2 protein chains.
Amino acid sequence: MAKTLNTISMLGQAYSLLGFQIVEGVVGAGYPQKPKHSAVFAQISLEGSRLTELARKADMTPQSMAELVDELVDMGYVVRQPDPSDGRAKLIVLTDRGRQAVEAGRRTIEGLEDQVTAILGEHGHRQLRRLLTKLLDATNT
Amino acid sequence: MAKTLNTISMLGQAYSLLGFQIVEGVVGAGYPQKPKHSAVFAQISLEGSRLTELARKADMTPQSMAELVDELVDMGYVVRQPDPSDGRAKLIVLTDRGRQAVEAGRRTIEGLEDQVTAILGEHGHRQLRRLLTKLLDATNT
DNA sequence: GAAACTAGTCAGGTAACCTGAATACTCTTC
DNA sequence: GAAGAGTATTCAGGTTACCTGACTAGTTTC
């Protein structure tokens with residue numbers, strides 16, 4: 001731990017430390033969920049999204065996404081409605097409780113961002129974001 | 001995707017993009033392995049390590065670690081030897097091939113670090129490391 | 001030298017994915 | 001306007017990467 005880490009390990013550690021706190025924050029706010037559920041909450045649109053669309057965005061099979069959605073239905077965060085524009089499809093839409101959970105997530109992330117700013121300073125945080133953006137732009141397709 | 005990402009997502013994306021390339025590089029160099037095997041390679045000491053020690057460092061149960069080690073034994077990367085200093089224990093030690101695989105990993109990481117430097121510049125890379133170090137020091141225990 | 005502890009193993013279980021095949025509806029295209 | 005091609009979802013079963021619990025065999029402590 002005290003040894004000089006390579007940059008990649010540092011990125012990984014920073015991510016897992018902070019990412020862990022997101023779910024923790026949302027759960028702590030009274031909206032229990034599993035880490036994988038964030039994949040749905042992060043992608044679902046306010047008007048409702050199709051299963052296949054969610055699956056594609058979360059980079060998983062529709063079958064796996066269906067299972068996640070089933071769990072969220074059981075927990076009362078979303079419901080399945082027929083899609084008026086396509087008889088084959090169903091829309092996954094957030095319930096009131098679901099929208100509240102998303103809002104709690106947004107607030108938690110905001111809090112973590114503030115925490116990062118507190119540690120690095122306004123300038124440092126901006127600098128970090130700039131460097132990461134550059135890195136992602138270059139590495140990504 | 002085009003939207004402004006929060007800092008945490010950026011950290012996660014950067015990590016998974018780069019981390020993925022480590023295993024890819026080692027496998028490409030002729031040392032096939034599964035992503036989870038890195039947990040062993042990263043922790044094992046040159047004189048050999050005990051199973052429980054590896055498990056603790058990788059934050060998993062000894063049983064799970066034993067399974068990983070079994071696979072690595074099958075692949076010829078490590079062997080189990082009785083620990084002379086404790087009759088209950090066995091030492092997991094790298095074979096020649098195992099040491100070569102670790103070396104290939106080291107070189108791959110070095111190459112990725114160079115890639116980061118090429119993207120961000122010498123100064124940018126140093127800055128990134130400084131910010132991440134600060135973040136980790138403050139967030140960690 | 002018996003009791004309490006530690007290292008490792010064996011058996012069985014679960015979560016989070018996956019592939020392949022079926023069903024139900026929609027959209028051509030002729 | 002029905003056949004064929006395509007899309008959305010579901011059903012069945014498999015794999016991987018972990019886990020818990022129970023056990024054996026050495027070790028330390030009093």
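Every chain is numbered from 1 and lettered A, B, ... according to where its sequence line falls, protein lines coming before strand lines. Computed from a prediction, not measured in an experiment: that's the story for all the values here.
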DNA chain C: 5'-proximal contact among A/E71 and A/S85 (nearest heavy atom): A/E71
Distance test, side-chain N/O of A/K90 to OP1/OP2 of C/dC25, below 4.0 Å: no
Sugar-phosphate only, base, or nothing, as touched by B/D83 at under 4.0 Å among non-hydrogen atoms: nothing
Spacing of A/R50 atom CZ relative to C/dT26 atom P, expressed in whole Å: 11 Å
Integer-rounded Å distance: D/dT24 C1' and B/L51 CG: 15 Å
Under 4.0 Å protein heavy-atom contact, by nucleotide of nucleotides 18-24 of chain C - B base, S sugar-phosphate only: BBBB---
Whole-Å gap separating C1' (C/dA7) and CD (B/Q81): 17 Å
Side-chain N or O of B/T52 closer than 4.0 Å to phosphate OP1/OP2 of C/dG8: yes
Least distance between heavy atoms, A/V78 atom then A/V69 atom: CG2-O, 4.2 Å
A/L54 CG to C/dC17 C1', straight-line distance once rounded to whole Å: 17 Å
Value in whole Å for how far the C1' atom of C/dA16 lies from NZ of A/K34: 8 Å
Salt-bridge present (B/R99, B/D96; N to O < 4.0 Å): yes
Euclidean distance, atom NZ of residue B/K36 to atom P of C/dA15 [Å, nearest integer]: 17 Å
Flag side-chain contact, heavy atom, 4.5 Å: B/R97 against B/M75: no
Basic-acidic side-chain contact under 4.0 Å: A/R107, A/E103: yes
Verdict with supporting geometry, B/T117 and B/E122, side-chain hydrogen bond (donor to acceptor under 3.5 Å, both in side chains): CA-CA 5 Å; B/T117 303; B/E122 192 96 30; 5.7 Å; no
Rounded distance in Å - CG (A/D86) to P (D/dG6): 16 Å
Mutual orientation of the aromatic rings belonging to A/Y31 and A/Y77 [parallel < 30°, tilted 30-60°, perpendicular > 60°]: tilted
Minimum side-chain heavy-atom gap A/T7-B/H125 below 4.5 Å: yes
Touch class at under 4.0 angstrom, heavy-atom based, for B/R80 against every strand present: sugar-phosphate
